[in-house]
Amino acid sequence: MPNRDWTFLLDPPAFPADAYAPLADQLAALLGTRNDVLLIQAEAVLALEAVATSLARPDLTALNIVTSPYGSWFGGWLSRGGVHVNNLQATPAKPITTDAVAAALDAEPETKILALVHAESASGILNPLEDIVALAKKRGIITVVDAVASVGGHPLDVDRLGIDIAVIGPQKSLAGPAGLSAISISKAAWVFLDHDNPPRDSMLSLIDHKKQWLEKGRGSLPGTPALLEFYALQAAIQRVEQEGISEMVARHGRAAKATRSALQALGATLWVEKDQASALVTTAILPEKIRMNDLVGRSWGSGSDLTAGVGPGAERLIRFNHTGRRASREAVTANIEAYVYLLEHFDVEHDAVVAHLALSKTYEDPK
Ligand SMILES: *Cc1c(COP(=O)(O)O)cnc(C)c1O
């Protein structure tokens, strides 16, 4: 890090009390929802924990879909609150199947809540959100979606799908600050949240937000405002709106497509099929000759971001990061060049020219 002077970050002007509601409305528009949107003054993991904690009570049964460590945590928070949790584990690091969800719901007719992650940056997979939410809707089950990574990278139409609770963070595809997050909450979900004994006077209480923010005309938020984060969120949303959310989603799609086609040309084994793949990171199985420690020990090219997969089942996966600002031709090219260098270094047979042609073709002829 260069020794830069950050004192300009001190003493920012107050964030106007009437500027919070427009931010929430802008986020609602990005999510395609008319539901309430709460602004949470913490990173998205706290928002997820607040949802689980605020929903939890001993007479509830939940189906919790686990496709990464985030799903395991969510199940743990529900259990802590006394919920009877059925954890539905996908094949490690793979997406869950709609059939498995249907079978689990049929096996437990008492299920009232279903939780899942939309797209996983840990393993580069995409869960079949639309079909799963439809299954839940048909049974009157409240759906909770962790869309922290996917918002801005994949289409996310909260009202069209009928998602009751969606948790988002600006720090992934939206390329915004990590210190804030947001939750959209449907009327049906509020009925569930407004039970006899919800958590109160707590950072994890959604009812506190309802009473202190929504019911008071959305003036000031609970707690001292994190000013710098709100200014950054405002700027990030403005940048998203300038680009347009659908163009942003398309840009992530192109980055994923270009990465996949270049990797295929290099003989890589992609981890999942195209329709099961996240547009945020692309994952492939590391060639046998290369040890994971060799990969992660150093940078393989400037501007590249190659890392190991995270969580069970992802131990041999190499992740090509093209999230947020990295969903660009430059970053995708840097990733592929770094991978070519890695293959060269470990004497794995490959054809770099064909890979670059495949990459260029995606950008020049995106159909
Ligand atoms: C990134 C992410 C979060 C937020 O967690 P951090 O690791 O703290 O950034 C939550 N859920 C999912 C699916 C994520 O990808």
Side-chain angles (χ1 to χ4, degrees), residues 1-2 43-45 66-73 90-95 117 119-126 146 148-150 153 169 171-173 175 178 252 255-273 276-352 355-356 358-359:
M1 271 295 261
E43 202 260 355
V45 171
V66 179
T67 49
S68 75
Y70 295 112
S72 310
W73 295 359
T91 305
K94 294 278 187 176
V117 173
E120 297 283 10
S121 40
S123 56
I125 61 99
L126 179 71
D146 173 348
V148 176
S150 65
Q171 77 265 38
K172 301 271 175 74
S173 305
H252 281 85
K257 187 167 180 225
T259 302
R260 291 177 66 86
S261 59
L263 287 177
Q264 265 163 337
L266 287 168
T269 307
L270 293 169
W271 177 237
V272 285
E273 298 293 324
Q276 299 186 323
S278 108
L280 320 164
V281 301
T282 294
T283 42
I285 300 172
L286 194 64
E288 256 170 49
K289 274 188 179 173
I290 308 175
R291 290 178 314 156
M292 196 46 90
N293 281 346
D294 295 326
L295 168 78
V296 297
R298 54 176 281 198
S299 165
W300 292 92
S302 78
S304 67
D305 187 0
L306 309 187
T307 52
V310 175
E315 295 84 359
R316 284 294 297 170
L317 296 185
I318 173 170
R319 293 191 299 174
F320 295 76
N321 178 8
H322 42 76
T323 307
R325 304 301 282 171
R326 293 193 58 81
S328 70
R329 184 169 177 168
E330 291 67 37
V332 167
T333 304
N335 282 347
I336 293 302
E337 279 172 358
Y339 187 62
V340 165
Y341 184 59
L342 178 79
L343 296 179
E344 251 160 38
H345 189 84
F346 287 98
D347 209 15
V348 180
E349 208 181 315
H350 65 278
D351 187 338
H356 278 289
L359 196 161

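- Proximity of a side-chain donor or acceptor of Arg319 to a complementary backbone N or O of Ala284 within less than 3.5 Å is not detected.
- Atoms CG and CH2, from Leu306 and Trp300 in turn, are 10.0 Å apart once rounded to the nearest 0.5 Å.
- Looking at every heavy atom in both residues, Met292 comes nearest to Ala308 through SD-CB, 3.6 Å.
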- Message: For Leu317 and Ile285: C-alpha separation, side-chain torsions, deciding distance, then whether side chain to side chain contact (heavy atoms under 4.5 Å, CB included) applies.
- Response: CA-CA 5 Å; Leu317 296 185; Ile285 300 172; 4.0 Å; yes
- Stepwise side chain to side chain contact (heavy atoms under 4.5 Å, CB included) test for Phe320 and Thr307: CA-CA 7 Å; Phe320 295 76; Thr307 52; over 6 Å; no
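- Atoms CD and NZ, on Glu273 and Lys94 in that order, are 8.5 Å from each other to the nearest 0.5 Å.
- At a cut-off of 3.5 Å, with distance as the only test, no side-chain donor of Arg260 or Thr282 sits close to an acceptor on the other residue.
- We find the CD-NZ distance between Glu349 and Lys289 to be 8.5 Å, quoted to the nearest 0.5 Å.
- Rounded to the nearest 0.5 Å, atoms CG (Leu263) and NE2 (His350) are 12.5 Å apart.
- Between Tyr70 and Val45, the closest side-chain pair of non-hydrogen atoms falls below 4.5 Å.
- His322 NE2 to Lys257 NZ: the interatomic distance, rounded to the nearest 0.5 Å, is 13.5 Å.
- Applying side-chain contact (heavy atoms from CB on, under 4.5 Å) to Thr259 and the options Val332, Thr283, Val281, Leu270 leaves one that passes, Val332.
- When every heavy atom of Ser304 is checked against every heavy atom of Ala334, the shortest pair comes out as CB-O, 3.5 Å.
- The two residues Ser121 and Ala149 have their closest heavy-atom pair at OG-CB, 4.1 Å.
- Within the 4.5 Å cutoff, the side chain of Arg329 has heavy atoms near those of the Thr333 side chain.
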- Query: How far apart are the C-alpha atoms of Ser278 and Ile125, what are their side-chain angles, what is the distance that settles it, and do they pass the side chain to side chain contact (heavy atoms under 4.5 Å, CB included) test?
  - Reply: CA-CA 5 Å; Ser278 108; Ile125 61 99; 5.9 Å; no
- Can you check side chain to side chain contact (heavy atoms under 4.5 Å, CB included) on Glu288 and Val348, steps first, answer last? CA-CA 9 Å; Glu288 256 170 49; Val348 180; over 6 Å; no
Side chains of residues 335-343: which donor-acceptor partners sit under 3.5 Å, not counting sequence neighbours?
unit_1	atom_1	unit_2	atom_2	d
Asn335	OD1	Asp305	N	2.8
Asn335	OD1	Arg326	NH2	2.9
Asn335	ND2	Asn321	O	3.0

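- The CG atom of Asp146 sits 10.5 Å away from atom CH2 of Trp73, with the distance rounded to the nearest 0.5 Å.
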